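Since the structure comes first, as structure tokens, the remarks are kept for the end.
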Amino acid sequence: MDIQAELMIQAAEQLKSEIIAYRRALHQQPEVGAYLPNTKEFVKKALSEMGYAPIEICESGIVATITGKNTGRCILLRADMDALAIKEQTDLPFRSENGKMHACGHDMHTSMLLGAARLLKTYQSELKGTVKLVFQPDEEGFTGAKAMLDAGILKSPAPQAGLALHVHSGTRSGLVLCGKGTIMAGCTLFRISVQGTGCHGAMPETGVDPINIAAHIYLALQEITAREITAKSPAVITVGKFCGGHAPNIIPQEVVIEGTIRTFNRDLSTRILRRLDEISRATAQAFRGSAIVEELASAPPLHTDCKLVDQMTDYVKELFGEQSVYLMEEGGMGSEDFASYTYELPCAYLMLGAGTPDETSLYGKPMHNEEVIFNEDILTKGTAIHAYCALRWLYGE
């Protein structure tokens, strides 16, 4: 393949101002969930101006392809586009003002892939196959990847490999983190609706208190991980929402509990959800109420292909040197809906360091934090990684 890593880096750097402009425009207009009307139009317009023919294959799910000398093999590059329902608390001149925020860096991901789309047009004659550019909604709600898969993202042409790149606050800028095998937990979002009988607080005997029932359910759930699962199998049940009542002297009709189940095993997650349902119903019945358990959404554990990870990290080292990659020995309990792709084709998932407090006090806040700021200097690195990895993999080198 007649392409040098140094030239790819230089080409990406020449696009820096344009990629930053993409990022800042997206950062100022964050949208949440599966319906991203402004974001998808922004992406479609940018791709069209580059000469692509973007297609919306599902609600706010955009795909564009580029083919070189022959159809050959196909690799999928994925970026997520949705934001979070968080009010931004930074002093950035391009901060969001609409009560939502790109606090997970998806604006960075979208911009890096748009930059890669520009680079790939420049190197189209070097492509020995097809690159499928995927811009996905609702990663945070765990419905986006499944919607793209249901819409046929793995068809016409069918990719033989997939790559996703995610920024990581708190890691040195430009350092690429990766892992092999199961590196992120699966996550199941659940809701427990507890029904009682509302009454005046002065006469609790005339009603059925759903707050009391919900409190007992919450405590009972802790026994699942404490007494029903071996300590050798990581599992976390978290309740992050507990809502009920509107007045201090009124016992309400209903309490709603919402939370997550995280494990590295899909069967174990299913078993925990079943036990959660049994415990909730039985506890509610014991206190004269009722409970309904719902699965709101889920993503399986993220499983990377070891061979593909080795290939992709070798390409990154060609770009930025041997010290540019750090291999993680253990996975974490965070979740990512790119996992759904990893059960359909070999995939690699790389995390790109976006800054630490040692670099500047602005960096290093946790992901999903209202004050998190990502180092924009890494945008060209991510752009080069996407484009170079795709080119090299298509050549089978």
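What you see is a predicted model; the values in this text were computed from it and never measured.
- Counting only heavy atoms from C-beta outward, the side chains of Phe374 and Met367 approach each other to under 4.5 Å.
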In sequence, state the C-alpha distance, the side-chain angles, and the governing distance for Leu114 and Phe135, and then conclude on side-chain contact (heavy atoms from CB on, under 4.5 Å).
CA-CA 9 Å; Leu114 286 174; Phe135 298 85; 3.8 Å; yes

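- Note: Leu92 CG to Leu362 CG = 8.0 Å, rounded to the nearest 0.5 Å.
- The side-chain heavy atoms of His102 and Ser96, taken from C-beta on, include no pair separated by under 4.5 Å.
- In this structure, a donor-acceptor pair under 3.5 Å is present between the side chains of Thr130 and Thr67.
- Atom CG of Leu296 is surrounded by more than 12 heavy atoms from other residues, nucleotides or ligands within 6.0 Å.
- With salt bridges taken as basic N to acidic carboxylate O contacts below 4.0 Å, one links Lys16 and Asp377.
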Residues 219-226 side chain polar contacts: donor-acceptor under 3.5 Å, at least two apart:
from, atom 1, to, atom 2, distance (Å)
Gln222, NE2, Tyr218, O, 2.9
Thr225, OG1, Gln222, O, 3.4

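- A heavy-atom distance below 4.5 Å is not found between the side chains of Leu84 and Lys100.
- When all heavy atoms are compared, the tightest approach of Ala297 to Gly141 is CB-O, 3.2 Å.
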Residues Asp80, Arg78; criterion salt bridge (charged side-chain N to carboxylate O under 4.0 Å, His left out); working and verdict
CA-CA 7 Å; Asp80 37 16; Arg78 175 273 209 169; 3.5 Å; yes

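- Side-chain contact check for Tyr35 and Glu31: no donor-acceptor pair (N or O, by modelled atom type) lies under 3.5 Å.
- Of all non-hydrogen atoms in Ala284 and Ser290, the two that sit nearest each other are CB-C, 3.5 Å.
- Using bins of under 30°, 30° to 60° and over 60° for the plane-to-plane angle, the ring pair Tyr22/Phe42 lands in the perpendicular bin.
- Between Trp393 atom CH2 and Tyr388 atom OH the span is 16.0 Å, to the nearest 0.5 Å.
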Take Arg271 and Asp267 through the salt bridge (charged side-chain N to carboxylate O under 4.0 Å, His left out) test and state the conclusion after the steps.
CA-CA 6 Å; Arg271 178 158 66 92; Asp267 292 338; over 6 Å; no

Quick one, Leu276 with Val293, criterion side-chain contact (heavy atoms from CB on, under 4.5 Å). Give me CA distance, side-chain angles, the key distance, then yes/no.
CA-CA 8 Å; Leu276 189 148; Val293 176; 3.5 Å; yes

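- Put simply, NE2 on His166 and CG on Leu352 are 11.0 Å apart, with the number rounded to the nearest 0.5 Å.
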Could you walk me through whether Thr182 and His303 pass the side-chain hydrogen bond (donor to acceptor under 3.5 Å, both in side chains) check?
CA-CA 4 Å; Thr182 302; His303 184 82; 3.1 Å; yes

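- The closest side-chain heavy-atom distance from Glu97 to Glu88 is not below 4.5 Å.
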Give the C-alpha distance, both sets of side-chain angles, the deciding distance and a yes or no for salt bridge (charged side-chain N to carboxylate O under 4.0 Å, His left out) between Arg392 and Asp314.
CA-CA 10 Å; Arg392 294 285 275 112; Asp314 283 345; over 6 Å; no

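- Annotation for Cys389 and Val316: closest pair SG-CG2, 4.3 Å, computed over non-hydrogen atoms.
- Scanning both residues, Cys178 and Val309, for their nearest heavy atoms gives SG-CG1, 4.1 Å.
- The minimum heavy-atom distance between Ala85 and Val32, with the atom names listed, is N-CG2, 3.8 Å.
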Could you walk me through whether Asp107 and Arg24 pass the salt bridge (charged side-chain N to carboxylate O under 4.0 Å, His left out) test, one step at a time?
CA-CA 8 Å; Asp107 55 333; Arg24 293 186 178 185; over 6 Å; no

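- For the pair Tyr363 and Asn375, the minimum side-chain heavy-atom distance is below 4.5 Å.
- To the nearest 0.5 Å, atoms CG (Leu26) and CG (Asn38) are separated by 10.5 Å.
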Please assess Ser298 against Lys146 for the test side-chain hydrogen bond (donor to acceptor under 3.5 Å, both in side chains), listing each intermediate value before the final yes or no.
CA-CA 10 Å; Ser298 66; Lys146 292 176 181 177; 3.1 Å; yes

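- Both cation-pi conditions hold for Arg266 and Tyr343: the charged atom is under 6.0 angstrom from the six-membered ring centre and inside a 45 degree cone around its axis.
- Side chain to side chain, Glu359 and Ser173 meet the donor-acceptor criterion of an N or O pair below 3.5 Å.
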Report the C-alpha separation of Ser60 and Ile62 in whole Å, then their side-chain angles, then the decisive distance to 0.1 Å, and conclude whether the side-chain contact (heavy atoms from CB on, under 4.5 Å) test is met.
CA-CA 6 Å; Ser60 301; Ile62 308 301; over 6 Å; no

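- Panel note: side chain Thr197, backbone Asp209; no donor-acceptor pair is recorded below 3.5 Å.
- The number of heavy atoms from other shown groups lying within 6.0 Å of NZ (Lys87) does not exceed 12.
- Atom CD of Gln285 has 12 or fewer heavy atoms from other residues, nucleotides or ligands within 6.0 Å.
- Under 4.0 Å is where a charged nitrogen must lie from a carboxylate oxygen, and between Asp277 and Arg281 at least one such pair does.
- Taking the charged nitrogens against the carboxylate oxygens, Asp310 and Lys180 do have a contact shorter than 4.0 Å, which makes a salt bridge.
- The shortest side-chain heavy-atom distance between Tyr349 and Leu163 does not fall under the 4.5 Å cut-off.
- Summarising the geometry, atom CZ belonging to Phe242 is positioned 8.5 Å from atom CD1 belonging to Ile217; distances are rounded to the nearest 0.5 Å.
- Residues Ile251 and Pro204 form a side-chain contact, since some pair of their non-hydrogen atoms from C-beta on lies under 4.5 Å apart.
- The list of side chain to side chain donor-acceptor pair (under 3.5 Å) pairs with a residue in residues 245-264, not counting sequence neighbours, reads Arg191-Glu258, Gln195-Glu254, Arg262-Ser335, Thr263-Ser269.
- Contact between Leu120 and Tyr52 at its shortest, heavy atoms only, is CB-OH, 3.9 Å.
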Determine whether Met351 and Thr171 satisfy the following criterion, side-chain contact (heavy atoms from CB on, under 4.5 Å), listing intermediate values before the conclusion.
CA-CA 9 Å; Met351 290 181 284; Thr171 295; over 6 Å; no

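- By the 4.0 Å N-to-carboxylate-O rule, Glu49 lies close enough to Lys45 to be salt-bridged with it.
- No more than 12 heavy atoms of other residues, nucleotides or ligands shown are found within 6.0 angstrom of OH on Tyr326.
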Would you check, one step at a time, whether the test side-chain hydrogen bond (donor to acceptor under 3.5 Å, both in side chains) holds for Gln136 with Asp337?
CA-CA 10 Å; Gln136 177 203 299; Asp337 91 334; 3.0 Å; yes

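- For the residue pair Thr90 and Lys365, no side-chain donor N or O sits within less than 3.5 Å of a side-chain acceptor on the partner.
- At least one side-chain heavy atom of Leu165 sits less than 4.5 Å from a side-chain heavy atom of Met112.
- Just one of Pro300, Pro301, Cys347 meets the side chain to side chain contact (heavy atoms under 4.5 Å, CB included) condition when paired with Thr342; it is Cys347.
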